[in-house]
Amino acid sequence: MEDINQLVTIRKEKLKDLYDQGINPYPYGFDRTHQTGDIKKEFDTLEGQNVAVAGRIMAVRKMGKASFCHIQDMQGRIQLYIARDKIGEERYTLFKGLDIGDFIGVTGLVKKTKTGEISVFADSMTLLSKSIRPLPIAKEKEEDGKKIIYDQFSDKELRYRQRYVDLVVNPHVREVFVKRSRIITAMRDFLNKNDFLEVETPVLQPIYGGAAARPFKTHHNALDMTLYLRIANELYLKRLIVGGFDRVYEFAKDFRNEGIDRFHNPEFTQVELYAAYKDYNWLMDFVEQMFNYIANEVNGSPKIHFNGHEIDLTPPWPRLPILEAIQKYTGKDVSSLDENVLKKTAGELNVEVTPDMGVGKIVDEIFGEYVEPHLIQPVFITDHPVEMSPLAKKHRNNPRLVERFEPIIGGKEIGNAFSELNDPIDQRARFEAQMQLRARGDEEAQVLDEDFLRAIEYGMPPTAGLGVGIDRLTMLMTNQPSIRDVLFFPHMRPEK
RNA sequence: GAGCCAGUAGCUCAGCUGGUAGAGCAGCGGCCUUUUAAGCCGUUGGUCCUGGGUUCGAAUCCCAGCUGGCUCACCA
């Protein structure tokens, strides 16, 4: 690619000048003693002390014989005062040739400037890395306590494609991803404290299963066989329950070959966990506690702000069977689960129904249209029709339902759980029903997994299982409107 | 897949009902030892998304396309 960019050309010339002066613009390291945030936090003890800091130059105010600049590290920014008489003429000339985006290391005294800003007054300065491509640098001004940002790097496409730039110049973006990491850490802590074992299972699977979705297909050359990228890890984790690991979980990258929108990315992260000897009632208690724990760890409060709502995750959350929920929000009684009644009801509600849709699907449509958007505060929607849930155990009081729940927060389901089906005869029948759907053209119907059936034929204890979408949970906890805002590198079309 | 919106300098944008392309910031040169959107003086920089059409003349109007964003649909 020809570089028509004059700015890059100029910087490359600067690089050459540096080499000519015997300066290595890419040295091997720098011994820093403090990060920027620590200096600000511990200013009272550090004032007048010598420190060494390093970071990227983000703003600069140059004057004839002294300059100010801000450098940025992982914790934030700090101002440096660079005076010619302090660091020497040669170094000062070097500094004046530097650009926003360059990395430097500085040693010096911690002091406040006349205007009260904590700063490092440099007595030495080292160039740590020369940047040859200009950053789209934003400038900020505070006015009446409000931050006005100029020339913000805001083009969404560029932000997603060049996330490295986004992270450098948009500090709030970094916070989202720090929180994402904390959410996962908190969840892992909570699970470990509750005797769960973190495990890993195959991403490349000869038979995909555990969810209703189309897979990505690939090929293993040496074995000359088709493999699928997993759409879920459910069936493998349950094999481990069979094997005697009573509590397991995995943070899994799953892959689904489907559309992309603000709730869906082709690869996404899901935690699945399984607990032997427990049912879905126990698991609802557990989920409430876990979410409450995470919110407290990450945000310091069980209350979160999402999309203009304040949402309180404090347990207990209401539990509402899906059929009752539909009755409550539409006034229609669909508890008969009669297909004709359901189709008529859907018609009255202007919910589009196609001939191939069964009972479960129609219920799901009505629910999605009339109920789900209203469920802002956390609620467990329970006891779905059996047709939609081939891996869930039948409800102890009603064989047309399963013991399943979905935690719904902010008008969106962010998980799915059930009392796991461990009856091998029933499981085989459910798979066969799915295969019939598949034969009729439902590409998302689940595939019969003979090895999984063999496993549970050996016997699987009663088990409760849960999947939680980490991306959606992060959206919720960080108040982000799109999955692309909680993925470092969301899927994009090829560039150009 | 449908609707709406957008594409002009490295970034953020202006450019009306057609008259030969602008600002701020960044960059470059100069001045400047407490600045913080530092300031002052000077200055470089453009396939106006692409291709057609209308016109004496198109960034601007028309048509087609490309790319992207948002919304809806699809999608656990």
Side-chain angles (χ1 to χ4, degrees), chain A residues 3-11 13-14 58-70 77-87 92 96-97 99-101 111-117 119 121 132-143 147-162 165 169 210-214 231-232 254 256-266 268 270 352 354 360-361 364-365 367-369 372 381 384 388-389 391 404 406 408 412-417 443-444 446 467-469 472 481-482 484 492-496:
Chain A
D3 215 339
I4 50 163
N5 192 334
Q6 193 183 17
L7 299 172
V8 172
T9 308
I10 289 166
R11 296 227 192 160
E13 281 164 11
K14 284 188 179 179
M58 294 303 291
V60 72
R61 295 170 293 284
K62 288 174 191 167
M63 289 166 286
K65 300 188 188 66
S67 299
F68 292 90
C69 69
H70 278 89
R77 295 186 183 182
I78 198 162
Q79 177 169 268
L80 307 180
Y81 179 68
I82 314 271
R84 187 189 65 180
D85 294 348
K86 200 82 183 163
I87 67 167
Y92 192 68
K96 288 192 83 175
D99 295 292
I100 285 171
K111 284 197 289 190
K112 278 188 181 170
T113 59
K114 206 158 71 177
T115 55
E117 180 164 350
S119 307
F121 286 65
I132 61 165
R133 185 179 287 271
L135 280 173
I137 195 66
K139 295 206 164 189
E140 290 176 12
K141 185 187 187 180
E142 291 223 23
E143 211 163 77
K147 255 189 195 170
I148 305 170
I149 303 176
Y150 299 82
D151 303 336
Q152 191 169 27
F153 181 63
S154 56
D155 184 301
K156 285 192 179 176
E157 186 192 356
L158 288 175
R159 285 186 45 224
Y160 297 142
R161 285 195 192 281
Q162 301 185 38
V165 176
V169 304
R214 279 179 289 167
I231 58 173
D254 292 337
R256 298 187 183 176
N257 205 340
E258 292 169 346
I260 299 172
D261 63 24
R262 70 193 184 95
F263 293 105
H264 298 85
N265 194 66
F268 64 101
Q270 193 169 215
E352 218 177 308
T354 52
K361 188 88 179 160
D364 202 51
E365 287 292 316
F367 177 78
E369 188 84 16
E372 194 174 30
I381 293 296
H384 302 63
M388 291 292 286
S389 313
L391 301 167
R404 172 178 171 186
E406 293 178 302
I408 302 203
K412 200 78 196 166
E413 55 158 298
I414 61 163
N416 187 21
E443 287 186 70
E444 291 176 358
Q446 302 199 20
V468 173
R472 288 187 189 175
S482 169
R484 291 179 155 189
M492 304 288 284
R493 285 199 169 79
E495 216 170 333
K496 264 288 161 62

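The sequence lines fix the lettering, A, B, ..., with proteins before strands; numbering per chain opens at 1. A quick note: this is a predicted structure, and the numbers were derived from the prediction, not measured.
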Roughly how many Å is it from [atom1] in [X] to [atom2] in [N], rounded to a whole number?
X: A:Arg11; N: B:rA26; atom1: CZ; atom2: P; answer: 12 Å
X: A:Leu7; N: B:rA26; atom1: CG; atom2: P; answer: 12 Å
X: A:Ile100; N: B:rA38; atom1: CD1; atom2: C1'; answer: 12 Å
X: A:Gln79; N: B:rA38; atom1: CD; atom2: C1'; answer: 11 Å
X: A:Arg84; N: B:rU34; atom1: CZ; atom2: C1'; answer: 16 Å
X: A:Leu80; N: B:rU35; atom1: CG; atom2: C1'; answer: 13 Å
X: A:Ile10; N: B:rU44; atom1: CD1; atom2: P; answer: 13 Å
X: A:Arg133; N: B:rG27; atom1: CZ; atom2: P; answer: 17 Å

For [N], which nucleotide in any strand shown is its Watson-Crick or wobble partner with both distances under 3.5 Å?
N: B:rU44; answer: none
N: B:rA2; answer: B:rU71
N: B:rC16; answer: none
N: B:rC25; answer: B:rG10
N: B:rA38; answer: none

For nucleotides [N] and [M], find the distance between their [atom1] atoms and express it as a whole number of Å.
N: B:rA58; M: B:rU47; atom1: C1'; answer: 15 Å
N: B:rA21; M: B:rG46; atom1: C1'; answer: 8 Å
N: B:rC16; M: B:rA73; atom1: C1'; answer: 38 Å
N: B:rU8; M: B:rG68; atom1: P; answer: 15 Å
N: B:rU60; M: B:rG19; atom1: P; answer: 11 Å
N: B:rC32; M: B:rC40; atom1: C1'; answer: 9 Å
N: B:rC63; M: B:rG3; atom1: P; answer: 14 Å
N: B:rC4; M: B:rG27; atom1: C1'; answer: 38 Å

>> Please check: side-chain N/O of A:Gln79 versus main-chain N/O of A:Glu117, any donor-acceptor pairing under 3.5 Å?
In response: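 Not at all, since once roles are kept as given, no pair shorter than 3.5 Å links the two residues.
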>> Donor-acceptor check, side chain of A:Asn265 to backbone of A:Phe268, threshold 3.5 angstrom: yes or no?
In response: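 Not confirmed, A:Asn265 side chain does not pair with A:Phe268 backbone.
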>> Let me spell it out: for each of A:Met63 and A:Lys112, pick the nucleotide of RNA chain B with the closest heavy atom. Which residue's pick is nearer the 5' end?
In response: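 The 5'-side residue here is A:Lys112.
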>> Return whichever of A:His70 or A:Leu158 has its heavy-atom-nearest nucleotide of RNA chain B closer to the 5' end.
In response: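 This one resolves to A:Leu158.
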Look at all strands and tell whether [X] reaches a base, only sugar-phosphate, or nothing, counting heavy atoms closer than 4.0 Å.
X: A:Lys111; value: nothing
X: A:Tyr92; value: nothing
X: A:Phe263; value: nothing

>> Checking A:Met63 now: which residues fulfil side-chain contact (heavy atoms from CB on, under 4.5 Å) with it, not counting sequence neighbours?
In response: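 Here the qualifying residues are A:Phe68.
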>> Holding to side-chain contact (heavy atoms from CB on, under 4.5 Å), I want the full list of residues that pass it with A:Glu258, two or more places apart in sequence or in another chain.
In response: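 For A:Glu258, the residues satisfying side-chain contact (heavy atoms from CB on, under 4.5 Å) (neighbours in sequence not counted) are A:Ala213, A:Arg256, A:Glu444.
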> Looking at side-chain heavy atoms only, is the closest gap between A:Ile78 and A:His70 below 4.5 Å?
Replying inline: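 Of all side-chain heavy-atom pairs linking A:His70 with A:Ile78, none is under 4.5 Å.
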>> At less than 4.0 Å, is any side-chain N or O atom of A:Arg61 found next to OP1 or OP2 of B:rA38? Yes or no.
In response: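 For A:Arg61, the contact criterion (side-chain N or O under 4.0 Å from OP1 or OP2 of B:rA38) is met.
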> Has A:Lys65 got a side-chain N or O lying under 4.0 Å from the OP1 or OP2 atom of B:rC31?
Replying inline: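 So the side chain of A:Lys65 is outside the cut-off, no N or O lying under 4.0 Å from OP1 or OP2 of B:rC31.
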>> Quiz question: by atom type and distance under 3.5 Å, do the side chains of A:Asn416 and A:Arg404 form a donor-acceptor pair?
In response: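 Per modelled atom types, A:Asn416 and A:Arg404 side chains form a pair under 3.5 Å.
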> Would you say the side chains of A:Ser67 and A:Tyr92 form a donor-acceptor pair under 3.5 Å?
Replying inline: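 The criterion, which ignores hydrogens and geometry beyond distance, is satisfied for A:Tyr92 and A:Ser67.
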> More than 12 foreign heavy atoms under 6.0 Å from NZ of A:Lys14: is that the case here?
Replying inline: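 Yes - once you tally the heavy atoms of other residues, nucleotides and ligands closer than 6.0 Å, there are more than 12.
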>> Taking atom types as they are modelled, would you say the side chain of A:Ser67 forms a donor-acceptor pair with the base of B:rU35 within the 3.5 Å cutoff?
In response: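 Absent.
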> Looking only at N and O atoms, is any donor in the side chain of A:Glu117 or the base of B:rU35 less than 3.5 Å from an acceptor on the other one?
Replying inline: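 In this structure, the two groups form no donor-acceptor pair.
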> Which letter, B, S or -, goes with each nucleotide of nucleotides 66-76 of chain B from 5' to 3', with contact meaning a protein heavy atom under 4.0 Å?
Replying inline: --SSSS--BBB
> Do A:Lys86's NZ or CZ and the ring of A:Phe121 fall within the cation-pi criteria of under 6.0 Å and 45°?
Replying inline: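 No, cation not above the ring by the 6.0 Å, 45° rule.
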